[in-house]
Amino acid sequence: KATNPAAAQQEQQQQETPTKRRWHQGPAFLKMLINLADVRVSSFGKIAQETGAGTFLSNRGDWFPFMKGIPRKALLLHGEQKEVLAAFEGLQKGYQKGAVRNEKLYLFLIPRSATKQLVGPGGKNIQKVVKESGANIQIDDTPADSIIRIRGTPEAVRAAVVWLLDQQQKKGGYLKEMREAISPSYRMDLIDTRDERTEILVPLSSDDVGTIIGEGGKNIQHLSHIAQCELRMEWTLRGLNGESILRIAGAVGDVHTTHKYLLRHLQSVRAMVSEKPAEATVTT
């Protein structure tokens with residue numbers, strides 16, 4: 001049973017998702033990579049009801065495996081093109097809350113075979129939409145899908161998403177390839193079953209403890225939400241060298257992803273601290 005509120009909401013959403021709204025339905029698709037800090041899982045059902053689009057989030061323990069930064073899950077929007085666009089606009093409202101200068105980065109997934117069509121000869125197609133929409137667009141290949149990074153104002157991003165859907169739906173577009181690679185699941189073992197639960201104990205130095213907990217517990221609560229795990233300091237336990245102990249509990253995939261992200265985050269913080277110039281000592 002899920003102990004994290006975000007995880008519990010996702011379980012409920014997937015249990016209530018009708019079979020007819022499964023990810024293979026179309027005729028238009030938009031597959032995104034989402035940071036659960038930007039949008040709440042509980043909003044997906046409301047968006048589906050208001051727009052008529054289907055929403056399907058990757059299962060517990062299933063994360064996009066080729067992200068180096070914040071862990072992200074795959075979200076599929078499907079239905080008629082106008083429904084899918086309306087569903088995306090609903091998600092935008094939550095995303096824009098953390099926007100800097102009214103601009104936000106959105107990540108979309110397309111089959112690698114569709115990249116050539118979108119870019120066009122000499123980059124002609126993508127340069128055209130960048131100019132017309134005002135959005136910044138970059139495409140990166142991964143061993144699975146290609147990631148389209150779109151950054152801009154809400155209006156600019158929406159225009160770029162319209163272009164993305166138009167390219168998919170037009171004659172000779174990449175709709176066929178999209179159907180073949182549409183699943184938001186990247187762990188095939190979790191398609192028909194739930195991930196097993198586990199927990200690990202992570203030793204933390206005193207400096208790392210402050211980084212993880214944050215002021216008033218803000219950081220650890222935030223991390224728990226985006227990772228869909230239970231994170232708790234075990235103050236009665238100590239590591240071999242006297243370190244404090246952080247317990248991470250949840251689905252195997254969620255725990256693994258959280259631990260990996262946690263280590264990278266701590267390394268980044270330590271690097272920034274070490275790069276700060278030492279304060280000059282004034283002698284008299």
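Values in this document were obtained by computation on a predicted structure and should not be read as measured data. Just so it is clear, the values below take in all heavy atoms, side chains as well, and ignore hydrogens, waters and symmetry mates.
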Peer 1: Do Q117 and N125 have a side chain donor and acceptor closer than 3.5 Å?
Peer 2: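 Absent: no donor and acceptor within the cut-off.
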Peer 1: Quick check on the hydrophobic clustering: are L76 and Y186 connected, directly or via other members, by side-chain heavy-atom contacts under 4.5 Å?
Peer 2: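 In one cluster: no.
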Peer 1: Verify whether one side chain among D38 and Y106 offers a donor that lies under 3.5 Å from an acceptor in the other.
Peer 2: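 No.
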Peer 1: Carefully, step by step, assess L223 and H265 under the rule side-chain contact (heavy atoms from CB on, under 4.5 Å).
Peer 2: CA-CA 11 Å; L223 181 58; H265 177 65; over 6 Å; no
Peer 1: Does Y174 share a hydrophobic cluster with L109, counting links as ILVMFWY side-chain heavy atoms below 4.5 Å and allowing steps through other members?
Peer 2: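 Y174 does not cluster with L109.
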Peer 1: Please examine the side chains of D62 and D195, heavy atoms only from C-beta on, and report whether any two atoms are closer than 4.5 Å.
Peer 2: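 D195 does not reach D62 side chain to side chain.
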Peer 1: So, taking the atom named CE in M233 and the one named CD1 in I212, what distance separates them when rounded to the nearest 0.5 Å?
Peer 2: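 Answer rounded to 0.5 Å: 8.5 Å.
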Peer 1: What's the verdict on side-chain contact (heavy atoms from CB on, under 4.5 Å) for N59 and R194, showing C-alpha distance, side-chain angles and the deciding distance?
Peer 2: CA-CA 8 Å; N59 292 324; R194 293 184 181 181; over 6 Å; no
Peer 1: Ignoring hydrogens and geometry beyond distance, is a side-chain donor-acceptor pair present between Q167 and K170 at under 3.5 Å?
Peer 2: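 K170 and Q167 do have a side-chain donor-acceptor pair below 3.5 Å.
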Peer 1: List the steps and the verdict of side-chain contact (heavy atoms from CB on, under 4.5 Å) for V255 and R197.
Peer 2: CA-CA 9 Å; V255 170; R197 288 185 60 81; over 6 Å; no
Peer 1: I'd like to know if the side chain of S185 reaches the main chain of S58, judged simply by a donor and an acceptor atom lying under 3.5 Å from each other, with no hydrogens or angles considered.
Peer 2: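 No: the side chain of S185 does not pair with the backbone of S58.
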Peer 1: Of all heavy-atom pairs between D254 and W63, which one has the smallest distance, and what is that distance?
Peer 2: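 Heavy atoms only, the tightest pair is OD1-NE1, 2.6 Å.
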Peer 1: Set out, in order, the CA-CA distance, both residues' side-chain angles and the distance that settles side-chain contact (heavy atoms from CB on, under 4.5 Å) for D208 and E243, then state yes or no.
Peer 2: CA-CA 10 Å; D208 290 343; E243 305 97 332; over 6 Å; no
Peer 1: Judged by atom type as modelled, is there a donor-acceptor pair below 3.5 Å linking the side chain of Q228 to the main-chain atoms of R60?
Peer 2: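 Pair absent, no side-chain N/O of Q228 close to backbone of R60.
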Peer 1: Can you measure from CG (L33) to CD1 (I148) and round to the nearest 0.5 angstrom?
Peer 2: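 Output value for this atom pair is 11.0 Å.
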Peer 1: Do you reckon F108 sits in the same ILVMFWY cluster as M67, going by side-chain contacts under 4.5 Å, direct or chained?
Peer 2: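 Each belongs to a different hydrophobic cluster.
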